[in-house]
Amino acid sequence: MQQLPDLLTAGVRSGLQTLYQLDAEAVDVTLQSTRKEFAGEFTVVTFPLTRLARKKPEEIGQELGEYLKGQLDEVADFNVIKGFLNLVIADRYWIDFLLQQAQEERFGQAPRTEERVVVEFSSPNTNKPLHLGHVRNILLGWSTSQLLDAAGYDVKRVQIINDRGIAICKSMLAWQRFGEGKTPTQAGMKPDHFVGKFYVRFEEEFQREYTAWQEEQFTKSGGKEGMGSEAHWKEYRNTYFNEFSGLGRAAKAMLRAWEEGDPDVVALWKKMNGWVYEGFDETYRRLGVTFDKLYYESDTYLLGKDMAEAGLEKGVFYKKEDGSVFVDLTDAKLDQKAILRSDGTSLYITQDLGTARLRYDDFGARRMVYTVGDEQNYHFQVLFEILKRLGEPYAEGLYHLSYGMVDLPTGKMKSREGTVVDADDLMDEVIQEAYNSSLERDATSELSEDERREIIRKIGMAALKFQIIKVGPQKRMTFDPKESVDLQGQTGPYVQNAYVRTRAVWRKAVSPELAAAADYRELEPTERELISQLYAYPGLVQDAAANYDPSVVAMYCYELAKALHKFWHDVSILSAETDAAVAFRLSLCRAVGNVLKSGMGLLGIEMPERM
RNA sequence: GGCUGCGUAGCUCAACUGGAUAGAGCACUUGACUACGAAUCAAGAGGUUUCAGGUUCGAAUCCUGACGCGGUCACCA
């Protein structure tokens with residue numbers, strides 16, 4: 001069956017041809033959904049047509065409306081307000097749509113293709129546990145991967161684990177010095193938190209050392225005066241770490257030892273990373289995400305040198321006198337960028353070049369999505385530009401799923417100031433709040449304790465996930481932990497509640513005669529609203545996937561849930577006037593329930609059957 | 001400073017990519033459970049879309065400038 005927007009656009013074109021002898025193909029028809037306060041579901045904007053038809057917008061609307069009503073069975077009525085022609089779709093069309101397409105199991109999902117896409121997300125460091133920033137990354141990456149799956153792609157989910165570098169050495173060193181040989185189990189801690197504790201310990205010890213050193217400098221030069229401002233010392237911190245700090249020296253020595261393959265250091269590194277992975281696995285499990293393949297930076301950090309060579313041969317890169325390799329991107333409004341150091345060793349960008357190629361070799365994907373914070377926008381511009389110039393086969397399909405930082409109401413999260421919101425704590429908190437809230441209700445009191453706990457977990461997680469996903473990815477967001485435990489209003493539990501209602505009415509319905517639904521004739525306003533929203537679902541999912549934007553799906557689910565709640569309030573379902581109405585409304589509930597479950601599923605949010 | 005992103009109700013966010021009277025939720029005020037589930041519904045109040053110009057039938061959206069807040073400018077990752 002032809003889709004309404006196409007059908008209406010074609011109708012408008014032929015109307016313009018018939019009424020005004022316009023070259024239909026040349027006309028841009030503006031079709032949008034009708035605003036709530038007016039009657040109708042689709043609106044044609046006639047302003048742009050005035051010059052071509054040489055008539056007033058109202059006249060065009062009137063004439064075009066009459067033409068469409070006469071020509072198309074689907075158009076039952078219309079009204080014209082200024083330059084807007086609102087089209088009312090026939091009840092018959094909506095009823096048939098609801099009873100047929102909207103009941104299909106895979107409603108909203110595109111047919112599967114062979115085309116493959118790799119989605120990277122999470123990509124943590126292994127020196128401390130996951131925090132709120134990771135949570136946004138993970139939820140975005142996961143839901144985007146689900147969207148691409150619904151759009152028919154064969155999706156591979158990957159993460160690159162930053163398991164090497166100075167940060168993990170800091171944790172290792174602190175554990176060596178202050179850990180007393182204890183394991184997470186002995187300390188009774190979640191293992192990634194255990195490792196994180198030593199990272200914090202290192203920073204504390206370092207700060208102490210740095211402060212003492214400053215005092216010493218003051219004493220030597222006979223006073224604080226002229227020794228620089230607080231800002232200066234803050235900035236100098238790095239220099240101190242690199243040049244004067246004993247702890248800094250030890251950490252860097254450890255990094256060198258690791259790179260040289262020192263067996264003791266490598267063993268320690270393996271042990272502590274193992275703890276972290278154990279902890280991460282637990283967090284991923286609770287978040288409900290999985291990966292198809294993990295890449296470890298310790299395996300990939302030397303990659304990309306061959307691509308540097310290839311780039312030199314192709315003339316894309318050039319070699320400086322000191323032996324370093326550069327690429328000149330100034331003609332693309334970017335800068336010159338180093339690809340290899342003068343000693344021939346690789347850099348961050350080199351590694352990313354190699355990793356992109358590695359993934360292509362692994363999966364044959366011509367599309368790759370990188371879920372990485374917007375502070376790396378420039379890096380990815382450069383990376384993608386280079387890959388294009390190298391003529392990589394997947395270069396046109398690269399996308400940086402960039403997202404804004406998560407702030408707290410008190411400002412930025414600062415690990416050094418201990419204001420970082422831990423992912424595990426956050427989940428505990430929202431689930432606890434859902435528990436408190438459920439105590440005030442008795443809808444689940446007849447269930448077993450296990451069943452109730454499972455429902456409460458779903459509610460808490462829905463509140464958290466929805467709160468984060470509903471914000472557009474690009475936007476920097478403020479996250480208030482207090483708001484995340486809200487269970488009312490524009491929230492995940494609100495949507496879940498709508499779903500639960502659609503299920504409850506089916507549990508109450510005894511042997512319903514569904515066949516009678518086809519005899520239903522006239523739609524109530526809330527029913528039209530629900531059906532036209534259902535109608536938009538498949539297109540919305542495809543758009544969301546094309547734009548890598550799960551937030552529109554979240555807002556859609558909210559709007560649909562809202563329409564369901566209103567419908568629920570306005571009309572009777574099981575005690576409706578006629579058998580046809582009962583059957584029809586039951587079918588409507590089922591279709592809405594399915595779409596809510598499907599849409600929220602794309603966001604990684606589970607739906608309870610009761611709550 | 002160069003480049004770049006953002007600025008919408010007290011707060012958190014929308015606005016179908018240039019369309020109608022800029023919409024939701026939270027918080028605040030008020031009303032609705034003997035009803036298929038009130039984690040709900042209905043109503044009220046809340047705005048010069050940071051400011052000043054411009055483009056056009058029409059601007060929160062595009063252009064110019066100012067102000068404010070981020071990010072980024074390593075042979076670090």
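In this text, all values refer to a predicted model and were calculated from it rather than measured experimentally. The chains referred to below are lettered A, B, ... by the order of the sequence lines, with proteins before strands, and numbering in each begins at 1.
Rounded to whole Å, atom P of B/G71 lies 13 Å from atom CE of A/Met413. The interatomic distance linking A/Asn497 (CG) with B/A39 (C1') rounds to 5 Å, in whole Å. Rounded to whole Å, atom P of B/C13 lies 18 Å from atom CD of A/Glu559. Rounded to whole angstrom, the span from the CG atom of A/Asp352 across to the P atom of B/A74 amounts to 18 Å. As a whole-Å value, the separation of A/Met477 CE from B/C6 C1' is 16 Å. Atom-to-atom, NZ of A/Lys566 to P of B/A24 comes out at 12 Å; the value is rounded to the nearest Å. Protein atom OH of A/Tyr378 is 16 Å distant from nucleotide atom P of B/A77, rounded to whole Å. Atoms CD (A/Glu375) and P (B/U4) sit 19 Å apart, rounded to a whole Å.
As judged by a 4.0 angstrom heavy-atom cut-off over every strand, A/Arg441 is placed among the base-contacting residues. As judged by a 4.0 angstrom heavy-atom cut-off over every strand, A/Thr50 is placed among residues making no nucleic acid contact. Looking at heavy-atom distances under 4.0 Å, A/Glu297 makes contact with sugar-phosphate atoms alone, never a base. In this structure, A/Pro409 reaches neither bases nor backbone, as no heavy-atom distance under 4.0 Å exists between it and the strands shown.
When the side-chain nitrogen and oxygen atoms of A/Arg503 are compared with OP1 and OP2 of B/C36, none of them lie within a distance under 4.0 Å. Between A/Lys470 and B/A24 there is no side-chain polar atom (N or O) within less than 4.0 angstrom of OP1 or OP2. Within the 4.0 Å cut-off from OP1 or OP2 of B/G71, at least one side-chain nitrogen or oxygen of A/Lys412 is found. At the phosphate of B/U21, OP1 or OP2 sits under 4.0 Å from a side-chain N or O atom of A/Lys82. Dashed line: the shortest gap from a side-chain N or O of A/Trp568 to OP1 or OP2 of B/A35 is not under 4.0 Å. Using a 4.0 Å cut-off, no side-chain N or O of A/Arg476 falls inside it from OP1 or OP2 of B/C6. Taking 4.0 angstrom as the limit, A/Arg35 places none of its side-chain polar atoms (N or O) nearer than this to OP1 or OP2 of B/C16. Contact check, A/Tyr494 against B/C41: a side-chain N or O comes under 4.0 Å of OP1 or OP2.
Between A/Ser551 and A/Gly472, the shortest heavy-atom distance links the atoms OG-CA, 3.5 Å. Of all the heavy atoms in A/Ser484 and A/Val430, the pair that sits closest is OG-CG1, 3.7 Å.
Interface remark: the A/Thr43 side chain does form a donor-acceptor pair with the B/A20 base, using a distance-only criterion of under 3.5 Å.
Nucleotides B/A22 and B/U8 have their C1' atoms positioned 8 Å apart, rounded to a whole Å. Taking the C1' atoms as reference points, B/C13 lies 15 Å from B/G47, given to the whole Å. Rounded to whole Å, the separation between the P atoms of B/U64 and B/C3 comes to 12 Å. Rounded to whole Å, the C1' atom of B/G68 lies 30 Å from the corresponding atom of B/A74.
In this structure, of B/C36, B/A20, B/G37, it is B/C36 that holds the atom nearest to the side chain of A/Ser572. Taking the side chain of A/Thr478 as heavy atoms from C-beta on, and the options B/A39, B/C13, B/G25, the nearest nucleotide is B/C13.
The partner of B/A32 is B/U40, judged by Watson-Crick or G-U wobble contacts that both fall below 3.5 Å. Pair assignment for B/U56 gives none, since no Watson-Crick or G-U wobble pairing has each distance under 3.5 Å. Here B/G65 sits opposite B/C51 as a Watson-Crick or G-U wobble pair (both hydrogen-bonding atom distances under 3.5 Å). Searching all strands for a Watson-Crick or G-U wobble partner of B/C11 with both distances below 3.5 Å returns B/G25.
Of the candidates A/Phe121, A/Tyr370, A/Tyr399, A/Tyr403, A/Tyr399 is the only one forming a ring pair (Phe, Tyr, Trp, His ring centres under 6.0 Å) with A/Tyr548.
Centroid-to-centroid, the aromatic rings of A/Phe206 and A/Phe241 come within less than 6.0 Å. Separation of the A/Phe84 and A/Phe47 ring centroids falls under the 6.0 Å cut-off.
For B/U12, the O4'-C1' to base torsion is more than 90° from 0; the nucleotide is therefore anti.
By the neighbour-count criterion of 12 heavy atoms within 6.0 Å, atom CZ of A/Arg507 is densely surrounded, having more than that number from other residues, nucleotides or ligands. For CG of A/Asn162, the number of neighbouring non-hydrogen atoms (other residues, nucleotides, ligands) closer than 6.0 Å is greater than 12.
No aromatic stack links A/Phe84 and the base of B/G19, using centre distance under 5.5 Å and interplanar angle under 30°. Here A/Phe38 packs flat against the base of B/A20; its ring centre is closer than 5.5 angstrom to the base's six-membered ring, tilted by less than 30 degrees.
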